[in-house]
Colleague: 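Encoded as structure tokens, here's the structure I'll be asking about.
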Amino acid sequence: MPEGLEAEIWRSEIETVVGRTVVDAWVDERVAPPGFVGLVVGARLEGVRRAGKIVLIDTDGPTIGLHFGMTGRVLVDGVSAIDRLQYSSSRDDAQWDRLRLFTDAAGMPAVRLNDPRRLGRVTLDPDVSALGVDIFAVTPARMRRALGERRQAIKTVLLDQAVVAGLGNMCADEVLWWAGIDPRRPACALDEPDVARLATAIRRRLPVMMRRGGSHRGTLSPMVRSTCPPCERDGYPLRRDTIGGRTAVWCPHHQR
DNA sequence: CGGCATGTTTCGCC
DNA sequence: AGGCGAAACATGCC
């Protein structure tokens, strides 16, 4: 589930608890730095930012970093903003909680990080300086500069968080589909119109997907990814390949 | 049951 | 040096 789009949705949710003070906290110590609870209890939540796929909660103490891995999600005051919007078979199981921040002594957690697969992490003052251009700040010029002369497949380069911060596997396939670019092409082989179409696809499609509920809500939905039906644009059968170790779904007819 | 999964990091081999 | 693939992490789901 979690790519930059989901992180942005959760960032926005967490804004509703800014101003409160953490009166108690619990964390799964396997995914957090030593001493985490002691450092955040008593802290006042002062703001919430996002850097790529990472949510950053600023306090009058340390900044709390939320990293979601493959299956992490956030619930604010007991509600998940995303699960209401999409079919989700995953249940709300407290045994998968990795972080709970309480702002009321006797209430439910204000912020919960719930992550069955436990690939997510909770960090303090995370270093985000190596991240590339954010998904919501992409322009053709920045895209060109970010891609550089890299010879790797464009799909692989798009997933590199130091190039574009916040794109995940599903969104990368989606924007390449919209831009009509073969995911296997070397990034350095893209010409100016290619880069412009790619930047435009990121700028135009990601907000649409986010309004619909996130990375699952593109043309290349999970169902489409698993069944590879005819391409919605031209009817040619979609194809599935492994590129850079990740599954890529694409249309060999219009993506060139 | 076998295989796959929205992510990241590490290790070994060119 | 840098690119690349495989493995590891951990567990639910089809």
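We use all heavy atoms of the structure for the numbers below, so side chains are in, but hydrogens, waters and symmetry mates are not. We name chains A, B, ... by the order of the sequence lines, and we start the count at 1 in each one.
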Colleague: Between B/dT8 and C/dA1, how far apart are the P atoms? Round to whole Å, please.
Modeller: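 Straight-line distance between the two P atoms is 26 Å.
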Colleague: Using a cut-off of less than 4.0 Å, is there contact between a side-chain N or O of A/Q161 and OP1 or OP2 of B/dG7?
Modeller: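 No.
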Colleague: Going by purine N1 to pyrimidine N3 plus the second Watson-Crick contact, or the G-U wobble pair, all under 3.5 Å, which nucleotide sits opposite C/dA10?
Modeller: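 Result: none.
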Colleague: Between A/T123 and A/H67, do the side chains contain an N or O donor and an N or O acceptor separated by less than 3.5 Å?
Modeller: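 Short answer, yes.
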Colleague: A/I243 CD1 to C/dG5 P: how many Å, rounded?
Modeller: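 After rounding, the reported distance stands at 10 Å.
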Colleague: Taking CG from A/L5 and P from B/dG7, how many angstroms apart are they, rounded to a whole number?
Modeller: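 Between P of B/dG7 and CG of A/L5: 11 Å.
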Colleague: Rounded to the Å, how far apart are A/H216 NE2 and C/dC13 P?
Modeller: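 Nearest whole value for this atom pair: 13 Å.
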Colleague: Taking the same atom, C1', in C/dG12 and in B/dT9, what whole-Å distance lies between them?
Modeller: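 Those two atoms are separated by 22 Å.
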Colleague: Please determine if a side-chain N or O atom of A/T247 lies less than 4.0 Å away from the OP1 or OP2 oxygen of B/dC4.
Modeller: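 Answer no for this pair, as no side-chain N or O of A/T247 is under 4.0 Å from OP1 or OP2.
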Colleague: Under 3.5 Å, is there a donor-acceptor pair linking the side chains of A/R117 and A/T71?
Modeller: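 Short answer, no.
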Colleague: Please report the distance separating the C1' of C/dA8 from the corresponding atom of B/dC1, rounded so that it comes out in whole Å.
Modeller: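 22 Å, rounded to whole Å.
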Colleague: Between A/R117 and A/L159, which is nearer to the 5' end of DNA chain B once each is assigned its nearest nucleotide?
Modeller: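 Of the two residues, A/R117 wins.
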Colleague: Under 4.0 Å, counting only non-hydrogen atoms across every strand here, what does A/G245 touch: a base, just sugar-phosphate, or nothing?
Modeller: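 Answer is nothing: A/G245 stays at 4.0 Å or more from every strand.
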Colleague: Which residue, A/K155, A/R246, A/R150, forms the salt bridge (charged side-chain N to carboxylate O under 4.0 Å, His left out) with A/D160?
Modeller: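 For A/D160, the salt bridge (charged side-chain N to carboxylate O under 4.0 Å, His left out) test succeeds with only one of A/K155, A/R246, A/R150, which is A/R150.
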Colleague: Side chain of A/Q152, heavy atoms from C-beta onward: which of B/dG7, C/dA10, C/dG3 has the nearest atom to it?
Modeller: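 Minimum distance to the A/Q152 side chain belongs to C/dG3.
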Colleague: Rounded to the nearest angstrom, tell me the gap between atom CE in A/M70 and atom P in C/dA10.
Modeller: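 Between P of C/dA10 and CE of A/M70: 14 Å.
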Colleague: Between atom CG in A/L119 and atom C1' in C/dG12, what is the gap in whole Å?
Modeller: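 That distance rounds to 12 Å.
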Colleague: Take the protein atom CD of A/E149 and the nucleotide atom C1' of C/dG2, then report the distance between them rounded to whole Å.
Modeller: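 Taking CD of A/E149 and C1' of C/dG2, I get 15 Å after rounding.
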Colleague: In this structure, how many angstroms lie between the P atom of C/dT11 and the CD atom of A/Q95, rounded?
Modeller: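 One finds 9 Å between P of C/dT11 and CD of A/Q95, rounded.
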Colleague: For A/R30 and C/dC9, give me the distance from atom CZ to atom P, rounded to whole Å.
Modeller: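 Rounded to whole Å, this separation is 14 Å.
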Colleague: Side-chain N or O of A/W96 less than 4.0 angstrom from OP1 or OP2 on C/dG12?
Modeller: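 Yes, such a contact exists.
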Colleague: So, A/E174 versus A/W178: side-chain donor-acceptor pair below 3.5 Å or not?
Modeller: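 Present: a donor and an acceptor within the cut-off.
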Colleague: Hey, are A/H253 and A/D234 close enough side-chain-wise for a donor-acceptor pair under 3.5 Å?
Modeller: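 Distance-only check fails for A/D234 and A/H253.
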